[in-house]
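Beneath this line is the structure, given in structure tokens, with notes to follow.
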Amino acid sequence: FFLQPAKYGVPFLGVVVYPGYIVLGKRFRANMKQVSQDIRMDGLRIRNTEKIKSYKGLTMHYKHQQALNDIFGKGVVKKVL
């Protein structure tokens, strides 16, 4: 059993926690991009709006609202809320 040093980060609930900062995980970002593509294809539907609200809540806790705006666009995020 091996414990890696904290400087390499600890994966936790969709993010990687490093000493002093938090980075969104690859899967978390990829899933957000997939929802963004679904919105472009199907439009803004109830299922997609609920997913955006969920991602908004998670990114607020991790202080990564800018990533949410970069992926979905500010207009989409404002329209949902």
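Nothing fancy with the numbering, it's 1 onward along the sequence. Basis for what follows: all heavy atoms, side chains included, without hydrogens, waters or symmetry-related copies.
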| query | When rounded to the nearest 0.5 angstrom, what is the spacing between CD1 in Ile39 and CE in Met41? | reply | 13.0 Å
| query | Side chains of Arg40 and Ser36: do they bring a donor and an acceptor to under 3.5 Å? | reply | yes
| field | Members sharing Tyr8's hydrophobic cluster (side chains within less than 4.5 Å) | value | none
| message | Please find the pair of heavy atoms, one from Met60 and one from Gln65, that lie closest to each other, and give the distance. | response | CA-NE2, 3.4 Å
| query | Looking only at heavy atoms, what is the nearest atom pair of Ala6 and Pro19, with distance? | reply | O-CD, 3.4 Å
| query | Do Leu58 and Val16 share a hydrophobic cluster (ILVMFWY, side-chain heavy atoms under 4.5 Å, transitive)? | reply | no
| message | Restricting to non-hydrogen atoms, name the atom on Gly9 and the atom on Gln4 that form the minimum distance, rounded to 0.1 Å. | response | O-NE2, 3.0 Å
| Min side-chain heavy-atom separation Asp38-Gln34 under 4.5 Å | yes
| message | I'd like to know if Val35 and Leu44 are part of one continuous hydrophobic network [Ile/Leu/Val/Met/Phe/Trp/Tyr, side-chain heavy atoms within less than 4.5 Å]. | response | yes
Name the atoms and distances for all side-chain donor-acceptor pairs under 3.5 Å in residues 21-32, with sequence neighbours left out.
from, atom 1, to, atom 2, distance (Å)
Arg29, NE, Leu24, O, 3.4
Arg29, NH2, Leu24, O, 3.3
Asn31, ND2, Arg27, O, 3.4

| task | Establish whether Val77 and Ile46 are linked, either directly or via other cluster members, by ILVMFWY side-chain heavy-atom contacts under 4.5 Å. | result | no
| request: Quick one: pull up NZ in Lys78 and CG in Asn69 and give me the separation to the nearest 0.5 Å. | output: 8.5 Å
| note | Rounding to 0.5 Å, atoms NZ (Lys51) and CZ (Phe72) come to a distance of 9.5 Å
| remark: NZ (Lys79) and CD1 (Ile52) are apart, to the nearest 0.5 Å, by 10.0 Å
| field | Contact summary for Leu13 and Tyr62, nearest pair of heavy atoms | value | O-OH, 3.0 Å
| note | The side-chain contact (heavy atoms from CB on, under 4.5 Å) partners of Asp70 (sequence neighbours excluded) come to Gln66
| query | Any side-chain heavy atom of Arg47 sitting closer than 4.5 Å to one from Asp42? | reply | yes
